[in-house]
Number of protein chains: 2
Amino acid sequence: MQVSKTLDYAVRSLTYMGNDPVLKRSMKEISEHQHIPLSYLAKIMRRLVKKGIVRSMVGPDGGYALRRSPKEIKLRDVYEAIEGEIRMVDCMDRDNICVFYDSCTQLPVWDKVQMSMIKILEDTTLQDMLSKSRGKSARPN
Amino acid sequence: MQVSKTLDYAVRSLTYMGNDPVLKRSMKEISEHQHIPLSYLAKIMRRLVKKGIVRSMVGPDGGYALRRSPKEIKLRDVYEAIEGEIRMVDCMDRDNICVFYDSCTQLPVWDKVQMSMIKILEDTTLQDMLSKSRGKSARPN
DNA sequence: ATATTATGGATGCATGATGTCCACAATATT
DNA sequence: AATATTGTGGACATCATGCATCCATAATAT
């Protein structure tokens, strides 16, 4: 029940890019500024590209750039690009492995936790996580 | 970011006991009714005992019983007995390993998620998770 | 005395997160 | 065309942890 290092890397990379959305950033640059192992960062960027969060340019002076503006990138998108669908317990999605599914009494609770988490991640954008943005909880639109 | 099997085992064991709080239940009985590996269940019960959630009796006709009434056992207690303190990210508790701690912009978000989760687990009792209890989200006191 | 049950510790195993390496494709520059 | 740079894709290595088992021992009811 913890934020993975990988997700942290992803968010840090994106906020770094988001602070100057116009600029193109190479993996090397991101890696150095954010202290992320270069070869691992490659894997992470791949997922963000596939989900259409960033676009990539190959070749000299290549690199990455945000596909949308920071305020249009939801933290939920990033989360799901890295971790896959948000799912608190397995039995809520997969085909009913659990013998107790029908009578399970804790499911509603985890579902509640999950929905609450989704709502927060859905309401938080990259914009909210940029250095500039002051007022951490209050987001004046 | 998922509910561990172990926590699921713990909750299932407790709800099983909670359905008849008067009765004493042996590991064997719990294990069989809830499909939990006996030797693993032993480890789990140990943690619940240590946290004062259940008490144990050794010897023939021994077993476990709840220490408090179901409505006095918070899901948060159970969670913490199994998983330890609720912590979404490491840097929020340990002594500042992260280089970016001061300037970290995602911390507030995870903190928000964490608080929201804590609130739900704090407000949910074992009573809410018993078979009898109908009205999954509405808890009429 | 015996059978039953929990306790505590050591250990095994599998899975997944994290990280590395390398050959290759794309492309800007010369 | 040649070269250097950068991302891509896959295989592989490493390590931690969740899950599980086993066994010797302590407690205790009969």
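Since this is a predicted model, take the numbers as computed values, not measurements. Note on naming: letters A, B, ... go to the chains in the order of the sequence lines (proteins, then strands), and numbering restarts at 1 for each one.
- The cationic atom of Arg25(B) (NZ for Lys, CZ for Arg) lies less than 6.0 Å from the six-membered ring centre of Tyr16(B) and within 45° of the ring axis.
- When each of dT6(D), dG19(C), dT7(C) is scored by its nearest atom to the side-chain atoms of Ala42(B), the top-ranked nucleotide is dT7(C).
- Between the side chains of Ser116(B) and Ser116(A), at least one donor N or O lies within less than 3.5 Å of an accepting N or O.
- Whole-Å rounding puts the His35(B) NE2 to dA20(D) C1' distance at 17 Å.
- Remark: Asp77(B) engages Arg68(B) in a salt bridge, criterion side-chain N to carboxylate O under 4.0 Å.
- Residues Lys24(A) and Asp61(A) are paired through a salt bridge, judged by an N-O separation under 4.0 Å between the basic side chain and the carboxylate.
- At a cut-off of 3.5 Å, with distance as the only test, a side-chain donor of Ser4(B) or Glu83(B) sits close to an acceptor on the other residue.
- Atom CE in Met27(B) sits roughly 11 Å away from atom C1' in dT4(C) (whole-Å rounding).
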Assess whether side chain to side chain donor-acceptor pair (under 3.5 Å) is satisfied between Thr6(A) and Tyr40(A), documenting all intermediate values. CA-CA 9 Å; Thr6(A) 310; Tyr40(A) 191 52; 2.7 Å; yes

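- For dA6(C), neither phosphate oxygen OP1 nor OP2 lies less than 4.0 angstrom from any side-chain nitrogen or oxygen of Arg46(B).
- Under 4.0 angstrom from either OP1 or OP2 of dT7(C) there lies at least one side-chain N or O belonging to Ser56(B).
- Between the CD atom of Glu29(B) and the C1' atom of dA6(C) there is a distance of 15 Å, given to the nearest Å.
- In this structure, Lys50(A) and Pro60(A) both approach DNA chain D, and ranking their closest nucleotides by distance from the 5' end singles out Pro60(A).
- In this model, the phosphate group of dC19(D) is approached by a side-chain N or O of Thr6(B) to a distance below 4.0 Å at OP1 or OP2.
- Positionally, the nearest nucleotide of DNA chain C for Lys5(A) lies more toward the 5' end than for the other of Lys5(A) and Asp61(A).
- Paired with Met117(A) under the rule side-chain contact (heavy atoms from CB on, under 4.5 Å), one option of Met117(B), Gln114(B), Met1(B) passes, and it is Met1(B).
- Between the CZ atom of Arg47(A) and the C1' atom of dT18(C) there is a distance of 10 Å, given to the nearest Å.
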Where do N or O atoms of nucleotides 9-16 of chain C meet protein N or O atoms at under 3.5 Å, pair by pair?
| from | atom 1 | to | atom 2 | distance (Å) |
| --- | --- | --- | --- | --- |
| dG9(C) | N7 | Lys43(B) | NZ | 3.0 |
| dG9(C) | O6 | Lys43(B) | NZ | 2.4 |

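- The nucleotide whose nearest atom lies closest to any side-chain atom of Ser4(A) is, among dT5(C), dT18(C), dG7(D), dT18(C).
- Between Tyr9(B) and dA20(D) there is a side-chain polar atom (N or O) within less than 4.0 angstrom of OP1 or OP2.
- Leu38(A) places its CG atom 12 Å from the P atom of dT8(D), with the value rounded to the nearest Å.
- Met57(A) comes within contact range of the sugar-phosphate backbone alone, with a heavy-atom separation under 4.0 Å but no base atom that close.
- Rounded to whole angstrom, the span from the OH atom of Tyr64(B) across to the C1' atom of dT28(D) amounts to 15 Å.
- Side-chain contact annotation: Thr125(A) with Glu72(A), donor-acceptor N/O pair under 3.5 Å absent.
- Distances were taken from every side-chain heavy atom of Pro37(B) (C-beta onward) to each of dT7(C), dA20(D), dT8(D); the shortest belongs to dA20(D).
- Nucleotide dG7(D) holds its P atom 13 Å from the CD1 atom of Ile36(A), rounded to whole Å.
- Straight-line distance from the OH atom of Tyr40(B) to the C1' atom of dT7(C): 17 Å, rounded to whole Å.
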